[in-house]
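These notes concern the structure reproduced below.
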Amino acid sequence: MPKATDFPLLNQIDDPVSLRELSLPELKTLSAELRQFLIRSVSKTGGHLAAGLGTVELTIALHYVYDTPEDRLVWDVGHQSYPHKILTGRRDRMPDLRVKHGLCGFPSRNESEYDAFGVGHSSTSISAALGMALAAARTGSARRAVAIIGDGALAAGMAFEALNHAGDLDANLLVVLNDNDMSISANVGGLSNHLARMLSGRLYSSMREGSKKVLGVMPSVWELARRAEEHVKGMVVPGTLFEELGFNYIGPIDGHDLDTLIKTLENLKHLKGPQFLHVVTTKGKGYPPAEDNPSAYHGVGRFDQGSGDLEQKPGSAPTYTKVFSDWLCDMAKQDPRLVGITPAMCEGSGLMDFSRQFPRRYFDVGIAEQHAVTLAAGMACDGLKPVVAIYSTFLQRAYDQLIHDVALQNLPVLFAIDRAGVVGPDGPTHAGSFDLSYLRAIPNMTIMAPADENECRQMLYTGFQHDGPAAVRYPRGKGPGAAIRQKMTALPLGKGKIVRKGTRIALLVFGAPLADALVAAEQLDASVANMRFIKPLDSALVLELANHHDLLVTIEDNAIMGGAGSAVNECLISQPLSISVLNMGLPDVFMEQASREELLADAGLSSSGIIRHIENFIEVHPLAKRSTVA
């Protein structure tokens, strides 16, 4: 890891107070050191890199101008917050980023007083910062609130809902748009920087407010003046939309120019009401491999700092995401009705090959999960067969649309749910711990969980052929290495199968934990059922196992509360049976970041954990032989 002597100035910065004692030339030296520290640090740990490299100067300027942590900085998503962590007392903890008991990969209120709001999902910053600004006004505090949002996150409906509300209020809120893809405007340079400083200055602000008062008594004249101002500004800035929403728009300015950033922020800090600062940055700034390919270096594993080569993990077994990717392309060749939809997760969800082979059938809707699901519903209404590729944690954001627009109308939409169960280093904000619970409550839903790669492929085919909403949920990473049959065959709906016969104990396994359950079953001499379907549940198989065993153990990588085990309990309650039941799954807590294997072990879902939990249960609840009920 980086040595203190490599970064002499950065090593002196333990909090923003010491940062504010530096001169402007020293701040520029600090930005260079911070950028190199970040590159070297993430090359050793993995994590989010490109976005943070683009916010180095912006982060320094914000902490230099604002009195943090009293003033609130709210970072959207958190991908761009590593420089913020380093400057707020966590520099020496960066080697433990995203590991068990280490630093969270996103801002967390439990981790630091400088993390004003815990994030992980996109487009929440403006709402949260507005809430803080209103709280400050309510309590008579002079505290300021700043939301820093990326242009991708700005496309989400929630961000515009917050902008619309904020513009109708007089709260002292600053929204900083970190435009790191040049997707709004490339109009950056000396003229626009000078204009931004001028428009954010007190002279312009006082003239503008004075004009409102003088011309306000003459509505037609004021409207003419207002529109004239918009048109003049519109020749050099793209801010008309934000002005219409009620913000005072400033920018775009160069997000790597510390002089302009600091002067503009100092001006804006003293302005009243909602302010909007448009900052253009380069994603991956200062590291050529990340500048050339910011998507690849958005979230990375370990890499060689000199060459930029990403660390290759051993093993030839495909990930579940790759299994889905291959199936999607194969299915699209067979059925022209298939369309693929993703909310800004093309690479992560495995749609890259599909997007290249079938560009006219591929729809990336941006960070807009609600729209993605209702878009799919509309397509399904008129004869298409949509496949929505989405992370489990992000499908939560479209729960109403899932119920109201898809399930209620019983539309044939297939949800390919990636990152189900524990996800590892990304931590609790990205955990897919709840999908079985929140999906199981919805009428018309068919829910499947594959135990291996081939079963994943066949379940995707089964869900696609089903004439109604269906979900296939699969974990992050690789499976047990099962051979994949290219031929696609629909599984019998709602039917599991016994994969091992034993005595007294029966393990009812839903999805990925099957491999560990089979290992445990050898020592326990237990029967094992691969349940496959959470809904419809194979009730006949459950009752058959209950009639021939003394203990049923349900195993799932989902929250125990309301999950697949609860479905088994409901089935058993309806029958005149006396049998012991043990439900195993994820505990009723938000599990912190760690490797997937560590998290499963902590939840007792490793083979040894399964054995231990069952033996402990039997010690407290000895199994008594009972007569079976026909």
Side-chain angles (χ1 to χ4, degrees), residues 48 50-52 54-55 74-81 105-107 117-130 147-166 175-184 241-242 245 276 278-281 283 294-299 321 339-352 355 362-378 386-402 405 415-419 423 426-427 429-432 435:
H48 292 100
T55 60
V74 181
W75 298 90
D76 210 281
V77 184
H79 299 152
Q80 54 189 339
S81 69
F106 303 94
F117 195 75
V119 295
H121 288 189
S122 167
S123 313
T124 61
S125 61
I126 303 175
S127 296
L130 176 59
I148 306 98
I149 185 167
D151 52 356
L154 190 65
M158 183 176 178
F160 275 94
E161 290 171 11
L163 286 171
N164 183 58
H165 186 209
V175 175
V176 179
L177 170 60
N178 174 27
D179 181 359
N180 56 21
D181 279 325
M182 309 296 283
S183 60
I184 294 182
L241 169 63
F242 304 109
L245 288 170
F276 193 101
H278 181 175
V279 175
V280 176
T281 63
K283 198 169 184 178
S295 294
Y297 285 84
H298 169 72
T321 304
V339 290
I341 301 171
T342 182
M345 294 302 297
C346 179
E347 290 178 306
S349 293
L351 273 76
M352 285 299 295
S355 68
Y362 164 72
F363 300 90
D364 184 344
V365 302
I367 303 175
E369 294 87 356
Q370 295 170 309
H371 168 58
V373 173
T374 303
L375 174 72
V387 178
V388 179
I390 192 168
Y391 287 9
S392 173
T393 186
F394 297 143
L395 183 57
Q396 295 164 186
R397 309 190 84 189
Y399 194 52
D400 178 67
Q401 287 70 26
L402 183 60
D405 299 335
F415 295 90
I417 304 176
D418 205 332
R419 271 64 167 181
V423 295
D426 281 339
T429 59
H430 283 59
D435 52 68

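Listed by chain and number, the residues in a ring-ring contact (aromatic ring centres under 6.0 Å, His included) with His165 amount to none (sequence neighbours excluded). Residues passing the salt bridge (Lys or Arg N to Asp or Glu O under 4.0 Å) test with Arg397 are Glu369, sequence neighbours excluded. Evaluation of the salt bridge (Lys or Arg N to Asp or Glu O under 4.0 Å) rule for Asp426 yields Arg98, Arg476 as partners, not counting sequence neighbours. With sequence neighbours excluded, no residue forms a ring-ring contact (aromatic ring centres under 6.0 Å, His included) with Phe415. Qualifying salt bridge (Lys or Arg N to Asp or Glu O under 4.0 Å) partners for Asp418, counting only residues two or more places apart in sequence or in other chains: none. Residues passing the side chain to side chain donor-acceptor pair (under 3.5 Å) test with Thr55: none are found, sequence neighbours excluded. Every residue two or more places apart in sequence or in another chain that forms a side-chain contact (heavy atoms from CB on, under 4.5 Å) with Ala128 is listed here: Val74, Phe117. Scored by the side chain to side chain donor-acceptor pair (under 3.5 Å) test, Ser127 finds no partners at all (sequence neighbours excluded). Looking at residues two or more places apart in sequence or on another chain, you find a ring-ring contact (aromatic ring centres under 6.0 Å, His included) between Tyr399 and Tyr438. Residues that satisfy the ring-ring contact (aromatic ring centres under 6.0 Å, His included) test with Tyr297, not counting sequence neighbours, are Phe303.
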- request: Please report the C-alpha distance between Lys283 and His298 in whole Å, then the side-chain angles of each, then the deciding distance to 0.1 Å, and finally whether the side chain to side chain contact (heavy atoms under 4.5 Å, CB included) criterion is met.
  value: CA-CA 9 Å; Lys283 198 169 184 178; His298 169 72; 3.5 Å; yes

- prompt: Between His430 and Phe106, is a side chain to side chain contact (heavy atoms under 4.5 Å, CB included) present by the stated rule, with each step listed?
  reply: CA-CA 10 Å; His430 283 59; Phe106 303 94; 3.3 Å; yes

field: Audit row: Leu154, Asp179, side chain to side chain contact (heavy atoms under 4.5 Å, CB included) steps and yes/no
entry: CA-CA 10 Å; Leu154 190 65; Asp179 181 359; over 6 Å; no

- request: Begin from the C-alpha positions of Asp400 and Val373 and carry the test side chain to side chain contact (heavy atoms under 4.5 Å, CB included) through to its verdict.
  value: CA-CA 10 Å; Asp400 178 67; Val373 173; over 6 Å; no

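The heavy-atom pair separating Ala159 from Ile149 by the smallest distance is CB-CD1, 4.0 Å. Ser125 approaches Trp75 most closely through the heavy-atom pair CB-C, 4.4 Å. Residue Ala372 comes nearest to Pro343 through the heavy atom pair CB-CB, 4.5 Å, listed as atom of the first residue, atom of the second, then distance. Contact record, Ala162 with Leu130: O-CD2, 4.2 Å, taken as the closest heavy-atom pair.
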Kindly list each side-chain donor-acceptor pair under 3.5 angstrom involving residues 388-395, sequence neighbours excluded, with atom names and distances?
unit_1, atom_1, unit_2, atom_2, d
Tyr391, OH, Arg419, NH2, 3.2
Ser392, OG, Asp435, OD2, 2.6
Thr393, OG1, His121, NE2, 2.7
Thr393, OG1, Thr429, O, 2.9

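Here Asp364 contributes atom CG and Cys346 contributes atom SG; the two are 6.5 Å apart, rounded to the nearest 0.5 Å. Taking CD from Gln370 and CG from Asp405, the interatomic distance works out to 10.0 Å, rounded to the nearest 0.5 Å. Atom CD1 of Ile126 and atom CZ of Phe160 lie 8.0 Å apart (nearest 0.5 Å).
For Gln80 (side chain) and Ile148 (main-chain N/O), a donor-acceptor pair under 3.5 Å exists by modelled atom type. Using a distance-only test at 3.5 Å, with no hydrogens or angles considered, a donor-acceptor pair links the side chain of Asp76 to the main chain of Ser123.
For the pair Phe276/Leu245, no side-chain contact is recorded, criterion being any heavy-atom separation below 4.5 Å from C-beta on.
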